[in-house]
Amino acid sequence: MRFSDNTISNLRIKLDKGEVSSLDLFNTASALAYKYQDDCNLFVSILDKKDEEKSNSVLSGIPYALKDNISTKGILTTASSNILKDYVPVYDATVYKKLKESGAVLVGKTTLDELAMGGSGITAHTGIVRNPWDKTRQIGGSSSGSVGVVSLDIVPFSIGSDTGDSIRKPAAYCGVVGYKPTYGLISRYGLFAFASSLDHVGVIARNVKDISLVTDIIKGHDDKDMTTLEDDGVKFSDYINKDIGNKKLFYIKEICDYNTVDTDESKLVLDNFYDTVNKVKSLGFSVSEVSIDKDLLNAIYPTYMSISCAEATSNNANLVGIHFGNRIGSKSIDEIMFETRTNGFSELIKRRFILGSYILQRENQEKLYLNACRIRRLLVEKLTDLFKEYDGMIMPATGGIAPKFGDKSDNLSDKYLLLENHLALANFGGFPSITIPSGFVNKMPVAINITSGIKTDAMLLNMASKIENSLGYKNMIVGDDDV
Ligand code: GLN
């Protein structure tokens, strides 16, 4: 493990003093991207340097990477799926447009779990992504490459998407900071839709300050995304240094319970969590234990799967080989659609579409889809009530360290660990949520997650920044000898 001083603020100073040029930074990033590609497969494409826009923004000249489910005009965008393996978009996503206008320099498009479904990093059409901390382990997903590029110091930040945990969980497995904002804070125009009521664009970096600097640039209302919020004008990067007094946090007893976990590794994750809670308390935060009905909590994962598969089936109904994307077959429209979809999607995607179609069938809608929506509402109401009394929820980000290949798959199961699946709560309610490194278990990074009420992103980042400063895992990167 090493620490990097290539933070956005430091690079800004070096660029402004003329100690480095944006071309130097791009060339270094690009060389590192190629260096690790064979080992880790973090990129779908590594780009040649484009002329950047002239800008005075803090990001001008800073290299970054974009998840490959975000539309970039004229640049291959595959969503790591065979069905889009040659797709070159004709329009820019708003997040890319804003970064381009700010002068940030795109280094490459990062590998994801196919169509952003899954959490392992093993389903991309270009092959598996390996965890740079231990290449026999998964990196997590679906923003697999986007977390890897930050942990290897290839770029100081990257953009990902998060529908259930896809930024925050792989960030935890990789020792970096992962943030998804309040629903609607960052435009999703040009993000390939997975489950629209749960999808968020978010940021990965090595510290909370960098997260805020990037979010300041990419947040805001967008006429092209009707779910975006009006901008309240708060500059997160200024707000994180404010003294906002002692804050009140809670954790959910039923999820952080030693009796519910059955491996030593999960117990060590809980040990790390309770140690972290003590450090957080010593900063002046209060941290309380609250109880939520276990049956309701056990419904998180089935509720997430029911809603996300239903929405994904509908959203991806355009991937048929007719309008765009890869086409297989030529005899008839039916044959083209059948062959294209049969050959274009991996098993995991097909399973989810079958589930989604079943859930959306007229006779099942009431029992499966609408019931899931009701449970979602109960969970969101419960948390919204708690956020009236508390400023945020602090939890372990995962139930274990990054799994070994073969140890864990995305297959559906009726046995699952709550500790492993609670992050979707923030997607249910559109709550802002951030994962920050909190130490190591068996030499692999682990993290805590903090989630707060909607539109309290500035306060969340403020709290996360204070906590991060006290934990000692800020700006962490994989040591060269670890790779
Ligand atoms: N792992 C979750 C899933 O498989 C979350 C994916 C995501 O957030 N994009 O659906």
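Computed from heavy atoms alone, side chains included, the values below leave out hydrogens, waters and symmetry copies.
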For the aromatic rings, using the six-membered ring if either is Trp, is the centroid distance between F285 and Y390 under 6.0 Å? no
Got a sec, which residues hit side-chain hydrogen bond (donor to acceptor under 3.5 Å, both in side chains) with N278, two or more places apart in sequence or on another chain? none
With R206 as partner, the option from N475, D153, T7 fulfilling side chain to side chain donor-acceptor pair (under 3.5 Å) is D153
Evaluate whether atom NZ of K466 has more than 12 neighbouring non-hydrogen atoms of other residues, nucleotides or ligands under 6.0 angstrom away. yes
4.5 Å side-chain heavy-atom contact, M305 and R352: yes
Whether the K109 and T72 side chains hold a donor-acceptor pair (N or O, under 3.5 Å, no angle test) is what I'd like checked. yes
Determine whether more than 12 heavy atoms belonging to other residues, nucleotides or ligands lie under 6.0 Å from atom NZ of K267. yes
More than 12 heavy atoms of other residues, nucleotides or ligands under 6.0 Å from OH of Y358: is that the case? no
Do other residues, nucleotides or ligands put more than 12 heavy atoms under 6.0 Å from the NZ atom of K455? no
Assess K219 against F236: is NZ or CZ under 6.0 Å from the centre of the six-membered ring, and within 45 degrees of the ring's axis? yes
Under the 3.5 angstrom rule, does the side chain of Q365 hit a backbone N or O of L360 as a donor-acceptor pair? yes
Yes or no on salt bridge (Lys or Arg N to Asp or Glu O under 4.0 Å) for R168 and D165, after CA distance, side-chain angles and deciding distance? CA-CA 5 Å; R168 294 161 293 150; D165 56 20; over 6 Å; no
Using ring centroids (six-membered ring only for Trp), state whether Y36 and F43 fall under 6.0 Å. no
Counting only heavy atoms not in K253, do more than 12 sit closer than 6.0 Å to its NZ atom? no
May I ask you to check whether F3 and Y473 place their ring centers less than 6.0 Å from one another? no
Any side-chain donor-acceptor pair under 3.5 Å between S161 and K67? yes
What do you reckon, are the aromatic ring centroids of Y183 and F431 less than 6.0 Å apart? no
Determine whether a donor-acceptor pair (N or O, by modelled atom type, separation under 3.5 Å) exists between the side chain of N462 and the backbone of A458. no
Heavy-atom donor-acceptor pair, D68 side chain to V44 backbone, under 3.5 Å: no
More than 12 heavy atoms of other groups within 6.0 Å of F324 CZ: yes
Any donor-acceptor N or O pair under 3.5 Å, side chains T215, S212: no
For the pair N207 (side chain) and K474 (backbone), establish whether a donor and an acceptor sit closer than 3.5 Å, ignoring hydrogens and angles. no
So does K388 pair up with D385, basic N to acidic O under 4.0 Å? yes
Test your reading of the model: is there a side-chain donor-acceptor pair from N421 to the backbone of L417, 3.5 Å cut-off? yes
